[in-house]
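Accompanying notes for the structure given below.
If you're wondering where the values come from, they're calculated on a predicted model, not measured in any experiment.
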Amino acid sequence: MKKTYKILYTLALLVLPFMAQAQFDGEFIKPRNGKFLLQNATIVTVTNGTIENGSVLIENGKIVRVGTNVPAGDAEVLDCSGHYIYPGMFDGGSRLGLVEVNSLAETQDFAEIGSVSPNMQALVAVNPNSIAIPVTRVSGVTTTLAVPSGGLFPGTAALINLNGYTPDQMYAGFKGVVMNFPSSARRSTWDRRSDEDIKKEADTAQKTLNEIWERASNYHKLKSAGAELQFYPEMDQLAKVISGELPLLVEVNAASDIEAAIDWIKSKEVKAILTGVAEGWRVAEKIAEANLPVVVGPMLSIPTRQSDRFDAAYSNPGKMAKAGVKVVIRTNDAENTRNLPFNAGFAAAYGMGKEEALKSVTIYAAEVFGVADKLGSIEEGKDATLFVSTGDPFETKTQIRHVFIDGYRVPMSNRHIKLYQEFLERSPGLEKN
C-alpha cells in the first residue's frame with residue numbers, strides 16, 4: 001500500500017508542472033479584473049447539463065451570459081476551442097492558509113491553547129500570501145474551508161476564495177463552529193489502552209461536552225431574555241450555534257461515534273454537518289435518515305481497520321451517496337490541497353461515479369455551505385469563479401488553462417511552475433565553461 005501511495009504522489013508531482021506550465025506566458029503576473037468572453041468551449045454547467053461549443057461572458061465579477069453565439073462586444077476574447085469550462089472546485093476542509101510548512105511550528109496558526117475556544121476565528125489567521133495558495137488554485141481548486149484543529153471546540157472555520165490581499169477579501173460567505181466529538185474508538189492500531197480505559201475516557205469527555213453545552217444553553221437563554229451578562233466569548237460563540245445563526249461542524253469518524261453524534265445532534269436540535277466520517281459507509285442509512293450532510297476525506301488514505309478492504313476509504317463517499325447522503329469531499333490537508341481533484345477521482349472510480357463526484361466538489365459543497373446562490377455551477381448571475389481545462393479535471397493528464405475567481409483572471413504561475421521553468425532549459429548548462 002505504501003508503495004502505491006508513493007507512486008501516486010510521485011505522479012502528481014510530475015504532472016503538476018504540466019498542468020499549468022503551458023499557460024504562463026508572461027502576459028500578466030497579478031490577478032486582473034475585466035470583461036472576458038470564453039469562446040467555443042464545452043461548458044459543464046453541473047446543474048443544467050453540458051453546452052457544446054458554448055461561451056461564457058464575464059463582467060464585473062459575474063457570469064453575465066452562458067450559451068451559444070454570445071456576442072463579444074468589447075470583451076477580451078479567450079478562444080477555448082477543444083477545452084472545457086467547469087465551476088471552481090471546493091475543498092470541504094483543509095488547513096490551507098493556516099500553515100505554511102507542516103513540520104515547522106513557526107508557520108502553524110491553526111490551533112489555540114486550551115480545549116474550548118470556539119470564538120477563535122480561522123479567517124483572521126489565514127495568510128493570503130501563502131505559497132501553497134497559487135499551487136492549489138492552478139489545479140482548479142478555487143474555494144476551501146479553512147478549519148482550525150485541536151481540543152473539543154478548536155474554533156470557527158471559514159470558507160475562503162483563493163484570491164485576495166486580505167482575509168476579508170477572500171471570505172466566501174460561510175462560517176461554522178468546529179467540534180471534535182468525543183471518541184470511544186482506538187486512536188490507531190498502536191493504541192495500547194485497555195477497553196476499560198477507553199470507555200472511561202470517552203465517558204469523561206462526553207460528560208465534559210454536555211456540561212459545556214448546558215452552560216452555553218443557559219448563557220443563550222439569559223442573553224435572549226435581555227439579562228446583563230459579563231462578556232464570555234466562548235459561550236457567546238456557542239450561543240450562536242444554539243440560536244441557529246451558525247452551524248456546527250462535528251468531526252467524527254468511527255461508526256459507533258457517528259451514531260452517538262447523530263443522537264446528540266438530534267437531542268440538541270442544532271444545525272450540523274458531519275465531517276471526517278471515515279466509517280460513514282457502515283452507518284450510511286442512519287446518516288441519510290438523520291438528513292445530515294457530510295464532509296468526507298481524505299480519500300487517499302488507508303482503511304480504519306485492518307480487517308477492512310483496501311478500498312474502504314475510496315468507496316466510502318460512493319456508498320454514502322447511494323444511501324441518499326449529500327456528500328462533500330475534502331483533503332484535510334494544507335500543503336497538498338492541490339490533490340483535491342485526485343481525491344474526487346478516486347471516489348468517482350470506486351463507486352461514486354464521475355457526475356456525483358463532480359457535484360461533491362462543486363454544487364453540493366456550495367449548497368452545504370450556503371453559498372449556492374453565488375458558487376458551485378456555471379449559471380448566469382453567479383460569481384465568475386471557474387476554470388478552463390483540456391479535459392476531465394480528475395485525470396492527472398488534464399491541463400488547466402485558465403482560472404477565474406470572482407471575475408479575476410488568475411495568473412497560472414506558482415513556485416512549482418517557476419522552478420520547473422527555471423531548470424527546464426538551464427543556461428549555463430551543467431558543464432563548467
Within a strict 4.5 Å, meaning less than it, do heavy atoms of the L340 and I329 side chains meet?
-> yes
Does Q206 offer a backbone N or O that forms a donor-acceptor pair with the side chain of N210 under 3.5 Å?
-> yes
List the atom of S301, the atom of P298, and the distance in Å for their closest heavy-atom pair.
-> OG-O, 3.0 Å
Any chance CD of E269 has more than 12 other-residue heavy atoms, nucleotides or ligands included, within less than 6.0 Å?
-> no
Rounded to the nearest 0.5 Å, what separation is found between the CZ atom of R282 and the CG atom of N316?
-> 10.0 Å
Considering only heavy atoms from C-beta outward, does the side chain of V177 approach that of K240 to under 4.5 Å?
-> no
Would you say the side-chain atoms of Y171 pair up with the backbone N or O of F174, donor to acceptor, closer than 3.5 Å?
-> yes
4.5 Å side-chain heavy-atom contact, I43 and I85 | yes
Charged N to carboxylate O under 4.0 angstrom, E251 versus R330?
-> yes
In sequence, state the C-alpha distance, the side-chain angles, and the governing distance for D91 and T331, and then conclude on side chain to side chain donor-acceptor pair (under 3.5 Å).
-> CA-CA 7 Å; D91 188 314; T331 61; 2.6 Å; yes
Tell me, yes or no, whether the heavy-atom count around E355 atom CD, taken from other residues, nucleotides or ligands under 6.0 Å, exceeds 12.
-> no
Point-to-point distance, once rounded to the nearest 0.5 Å, from CG of N218 to NZ of K223 | 14.5 Å
NZ/K35: more than 12 non-hydrogen atoms of other groups inside 6.0 Å = yes
Flag, side chain of Q169 to backbone of G164, donor-acceptor distance under 3.5 Å | no
Can any side-chain N or O of N253 pair as donor or acceptor with the backbone N or O of A278 at less than 3.5 Å?
-> yes
Nearest 0.5 Å, what's the CG-CG distance between D236 and N119?
-> 8.5 Å
Pick one: which of T362, N163, N161, D383 meets side chain to side chain donor-acceptor pair (under 3.5 Å) with T143?
-> N161
Do you know which two heavy atoms are closest between L37 and S55, and how far apart they sit?
-> CD1-CB, 4.0 Å
Where do R305 and A255 come nearest, in terms of heavy atoms and distance?
-> NH2-CB, 4.3 Å
Inspect the surroundings of OH in Y408 and state if more than 12 heavy atoms from other residues, nucleotides or ligands are less than 6.0 Å away.
-> no
Check whether any side-chain N or O of E335 sits under 3.5 Å from a backbone N or O of A132 as a donor-acceptor pair, and report yes or no.
-> no
Here the gap from R215 atom CZ to M235 atom CE, rounded to the nearest 0.5 Å, amounts to 5.5 Å
So, do T385 and D406 sit near enough that their side-chain heavy atoms are less than 4.5 Å apart?
-> yes
Is a side-chain donor or acceptor of E367 paired with a backbone partner of A372 at a separation under 3.5 angstrom?
-> no
Establish, from distance only, whether the side-chain atoms of D257 and S183 form a donor-acceptor pair under 3.5 Å.
-> yes
Is R137 reaching over with its side chain to a backbone N or O of L162, donor-acceptor style, under 3.5 angstrom?
-> yes
Would you say V328 and L145 make side-chain contact, with heavy atoms under 4.5 Å?
-> no
Quick one: closest heavy-atom pair of G407 and F36, and the distance?
-> O-CE1, 3.8 Å
Identified side chain to side chain contact (heavy atoms under 4.5 Å, CB included) counterpart of L274 within the set V296, V325, I265 | I265
Side-chain heavy-atom pair S315, W281 within 4.5 angstrom cut-off = no
Side-chain contact, heavy-atom cut-off 4.5 Å: F181 with L209?
-> yes
Any ring pair (Phe, Tyr, Trp, His ring centres under 6.0 Å) pairs touching residues 91-115, not counting sequence neighbours?
-> none
Ionic contact status for K322 with E356, cut-off 4.0 Å = no
If every non-hydrogen atom of T144 is compared with every non-hydrogen atom of V141, which pair is closest and at what distance?
-> CG2-CG1, 4.0 Å
E380, CD atom: more than 12 neighbouring heavy atoms under 6.0 Å = yes
Y364: ring-ring contact (aromatic ring centres under 6.0 Å, His included) partners, not counting sequence neighbours = none
What is the distance from atom CZ of R309 to atom OH of Y314, rounded to the nearest 0.5 Å?
-> 11.5 Å
Minimum-distance pair of heavy atoms, taken over all atoms of G92 and F369 = O-CZ, 3.9 Å
Might you confirm whether atom NZ of K268 has over 12 heavy atoms from other residues, nucleotides or ligands at distances under 6.0 Å?
-> yes
Do the rings of H402 and F404 sit parallel, tilted or perpendicular, given the 30° and 60° boundaries?
-> tilted
Can you tell me if D333 uses its side chain to pair, donor with acceptor, with the backbone of S94 under 3.5 Å?
-> no
State whether a side-chain donor-acceptor pair under 3.5 Å links E112 with S117.
-> no
Answer whether the closest heavy-atom distance between the side chains of I212 and F153 falls below 4.5 Å.
-> yes
State whether the side chain of T156 and the backbone N or O of Q121 hold a donor-acceptor pair below 3.5 Å, judged by distance alone.
-> no
About how many Å separate CG of N414 and CD1 of I133, when rounded to the nearest 0.5 Å?
-> 12.0 Å
Can you tell me if S389 uses its side chain to pair, donor with acceptor, with the backbone of G391 under 3.5 Å?
-> yes
